[in-house]
Protein chains: 4
Amino acid sequence: MARKRRKKLPIFEAAMTVFSEKGFEKATVDEIAERAGIAKGTIYYNYGSKKNLFLSLLEEGIERLETAAKKEIARRNNIRTKLEALITVQLQFFEDHKNYCKVLLSEVWGRDTPWEEKAERIRSGYLSMIRDLIEVGKAEGLIKKRLDAGTTASALFGMISIAALDRFLFEKEYSYEDILNTLRSFFFTGVEDKRRT
Amino acid sequence: MARKRRKKLPIFEAAMTVFSEKGFEKATVDEIAERAGIAKGTIYYNYGSKKNLFLSLLEEGIERLETAAKKEIARRNNIRTKLEALITVQLQFFEDHKNYCKVLLSEVWGRDTPWEEKAERIRSGYLSMIRDLIEVGKAEGLIKKRLDAGTTASALFGMISIAALDRFLFEKEYSYEDILNTLRSFFFTGVEDKRRT
Amino acid sequence: MARKRRKKLPIFEAAMTVFSEKGFEKATVDEIAERAGIAKGTIYYNYGSKKNLFLSLLEEGIERLETAAKKEIARRNNIRTKLEALITVQLQFFEDHKNYCKVLLSEVWGRDTPWEEKAERIRSGYLSMIRDLIEVGKAEGLIKKRLDAGTTASALFGMISIAALDRFLFEKEYSYEDILNTLRSFFFTGVEDKRRT
Amino acid sequence: MARKRRKKLPIFEAAMTVFSEKGFEKATVDEIAERAGIAKGTIYYNYGSKKNLFLSLLEEGIERLETAAKKEIARRNNIRTKLEALITVQLQFFEDHKNYCKVLLSEVWGRDTPWEEKAERIRSGYLSMIRDLIEVGKAEGLIKKRLDAGTTASALFGMISIAALDRFLFEKEYSYEDILNTLRSFFFTGVEDKRRT
DNA sequence: CATGAATGAGTATTCATTCAT
DNA sequence: TATGAATGAATACTCATTCAT
């Protein structure tokens, strides 16, 4: 396995870069091969097709994100800190893997066609994990009963993702701490200042 | 002008459908022409290029959204109802124009290259409008001072967009009212149930 | 007729310019129409097709050249001055109508196909006139008997044409007198300096 | 390299044929591929573009002509026989490569645009070689001092080219020897018969 | 295991021509 | 007579994929 992966890593990283810069359709196997410093045939030898290479990337990424999230969640023992951990992990992951996140948003949330099944599994898999947390939160009384759990889950995901992408991609300077604090505060208590008279 | 636009409308609608189904790259001018029931050359006669057709769509759409939002915002006289109106208008717009919203999310928030300038204008234009509202809210004491306005603006936009897309595209059944109420409540007071002891 | 020609002149001149700049294939009817300041349909109304417009140009031009040459030739009464006149007229014509000459050389001497018949008529028509002069010259003893009349005729035509084109198109500065004298001297007595010992 | 060129030769020859028959614009890559018996993609794999394929042809051809001319010129030791050799070589080359010569004349001497630089280099390169010979001839007293060297060079080139093309392309029967003798005699001593009383 | 030359289906774009007004 | 919107056939070029070495 270690041997088999010898060429896989450079391909993987080159592919991530190119896919995130160009999107799936505009990215070319030639460019990926060139950036990986290997021959085009080698990509086909290892991954079989462009689509399959892309899907491997997608899967690998979401697995890492889910694994990281689940691990941190498991380490907390109440629902509030679990949700805090989720926000932290996802924001951190987005900052660490800007390219992947761009790909995730634009190719999974957006198109219908070529990887319906895989995309669907990714999307609903990750969102389900969040929704389950929300449900537990509602059951335990932390979270308002009248909030629709599904909507809340996707709203949370969207809020983190778009905010992160917008900061990480389009703002030259940003304070990671500010973003994290804003998102946490936003999520738990909303924007309204209750102290006012 | 009315005469000149005779063929523009069917092109416009066919293009929106195809672009949203396939994404910019995968969409073909042939298919757009066929669905519009006109000859391919006519698209080029009217729009010059596939890219330009796409850009026209993008611009037209964001203009409609901004116009609708600004109009409703102007009709309210305090910042809270203005923000409520914003959420309502955007959610309504997303429900009315599912296709457009898919395109907006995946082609504007996502890729870097081909329409940088236009995309940037769209993105920052709409987000600026939101951020300005947030700033006013902070100044008037409605919104917590410690929230970063830019992050809050993109978080709000992301929360509405992703939640809407997720419901409208992937759930067969959904209650528009539930989504609207959840998002409003989420935005203003967060998820936490303060009544608990 | 005068009325019919009202729009023909601007078309004619625009067409000459565009055809000479781009060549027949690369020239577009759109550009000709635009430069002529008229609608594209008008060209078709007047000339029927791009090819026909081009052929009209070709014919009109060669007619003018032949007419001018024949007129000057008729005014001389010996074969030597007739040939001198031919050289002068053709050189002058090339200087006056650089664009036309470019078209003539590259579209008539060069391609086989689309106007075979017309091109052939133009080519052999003009060359025949020259050859006839050469034959007369041979009969009268002015021109060496052993020269092949056909070859001499095309050599004369080629010598003037290419020299003229090269000077008029590619040299920023040139002396018309020098060219004319060089060509005349070259034609009649060759390059060799007989005075040398 | 030998392996890399495996497909280059058939492409080269097919391209020469098609370009000379149709001219650059009218020639299609499809037809070249078909005549070469290879796939269209292979042409792009090897040459990058239609224009580049064409330019390669142009360059290769003029190199062969120049090489042949220089070799023969170098073998003679006086300027008269050098010039005789030049005429012979160019006439022979035109007879051997009718197609190439058609292309050369109509695409290099004719249009302004797409290969300005390359065309200019070809044109002025070959003509310079001739002009240098003429200059030497003038310096040595063989050639009349009053002839403009540049004009004489292009006149010589044009005389050979057009005469050759006209014979080789449009006359079914021709005597190569007659053409050669006529051109030589014409060039050195002109058409005038000095023996006459 | 790795390569890269060769392929050909697929696509954006151009432009001469037509025709209703 | 003149127009210009509409057309669709034609064409350069791209790129995922294959396969002989």
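The model shown is predicted, which means the values in this text are computed figures rather than measured ones. Naming: A, B, ... by sequence-line order, numbering from 1 per chain. Keep in mind that the numbers below use all heavy atoms, side chains included, and drop hydrogens, waters and symmetry copies.
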Please state how far atom [atom1] in [X] lies from atom [atom2] in [N], giving the value in whole angstrom units.
| X | N | atom1 | atom2 | result |
| --- | --- | --- | --- | --- |
| B:N52 | E:dA12 | CG | P | 15 Å |
| D:D30 | F:dA10 | CG | C1' | 10 Å |
| D:K22 | F:dA10 | NZ | P | 13 Å |
| D:E25 | E:dA16 | CD | C1' | 15 Å |
| C:F19 | E:dA16 | CZ | C1' | 11 Å |
| B:I32 | F:dT7 | CD1 | P | 15 Å |
| D:F24 | F:dT11 | CZ | P | 13 Å |
| C:N46 | F:dT1 | CG | C1' | 9 Å |

Next item on the list: Measure the CG-CD distance between B:L58 and B:E107 for me, rounded to the nearest 0.5 Å.
Entry: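 If we round to the nearest 0.5 Å, B:L58:CG and B:E107:CD are 8.5 Å apart.
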
Next item on the list: Supply the atom-to-atom distance A:D30 CG to A:I43 CD1, rounded to the nearest 0.5 angstrom.
Entry: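 Atom-to-atom, A:D30:CG and A:I43:CD1 are 8.5 Å apart.
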
Notebook entry, point to check: Just by distance, do the side chain of D:K40 and the backbone of D:A33 share a donor-acceptor pair under 3.5 Å?
Noted result: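 No; judged by distance alone, with no hydrogens or angles, the pair does not exist.
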
Check: Is C:K51 close enough and on-axis enough to C:F24, meaning under 6.0 Å and within 45°, for cation-pi?
Finding: no

Which one, [options], comes nearest to the side chain of [X]?
| X | options | result |
| --- | --- | --- |
| A:Y44 | F:dA2, F:dT17, E:dA12 | F:dT17 |
| D:T42 | E:dT7, F:dT3, E:dT3 | E:dT7 |
| D:K50 | F:dT3, F:dC13, F:dG8 | F:dC13 |

Notebook entry, point to check: Considering heavy-atom distances to DNA chain E, does D:A39 or A:I43 have its closest nucleotide positioned more toward the 5' end?
Noted result: A:I43

Checklist line | Check: E:dT17 base within 3.5 Å donor-acceptor of C:K40 side chain | finding: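 When only heavy-atom distances are counted, C:K40 does reach the base of E:dT17 through a donor-acceptor pair under 3.5 Å.
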
Notebook entry, point to check: For A:E120, does the CD atom sit with more than 12 other heavy atoms under 6.0 Å from it, leaving out its own atoms?
Noted result: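 Yes, because the 6.0 Å sphere around CD of A:E120 holds more than 12 heavy atoms from other groups.
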
Item checked: E:dA20 pairs with, by Watson-Crick or G-U criteria that keep both distances under 3.5 Å ->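 Matched E:dA20 with F:dT3 under the 3.5 Å cut-off.
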
Note to self: Can you work out whether B:G41 or D:T28 has the more 5'-proximal nearest nucleotide on DNA chain F?
What the structure shows: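 Result: B:G41.
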
Next item on the list: May I ask you to say what D:A27 touches in the nucleic acid, namely base, sugar-phosphate or nothing, with a heavy-atom cut-off under 4.0 Å?
Entry: sugar-phosphate

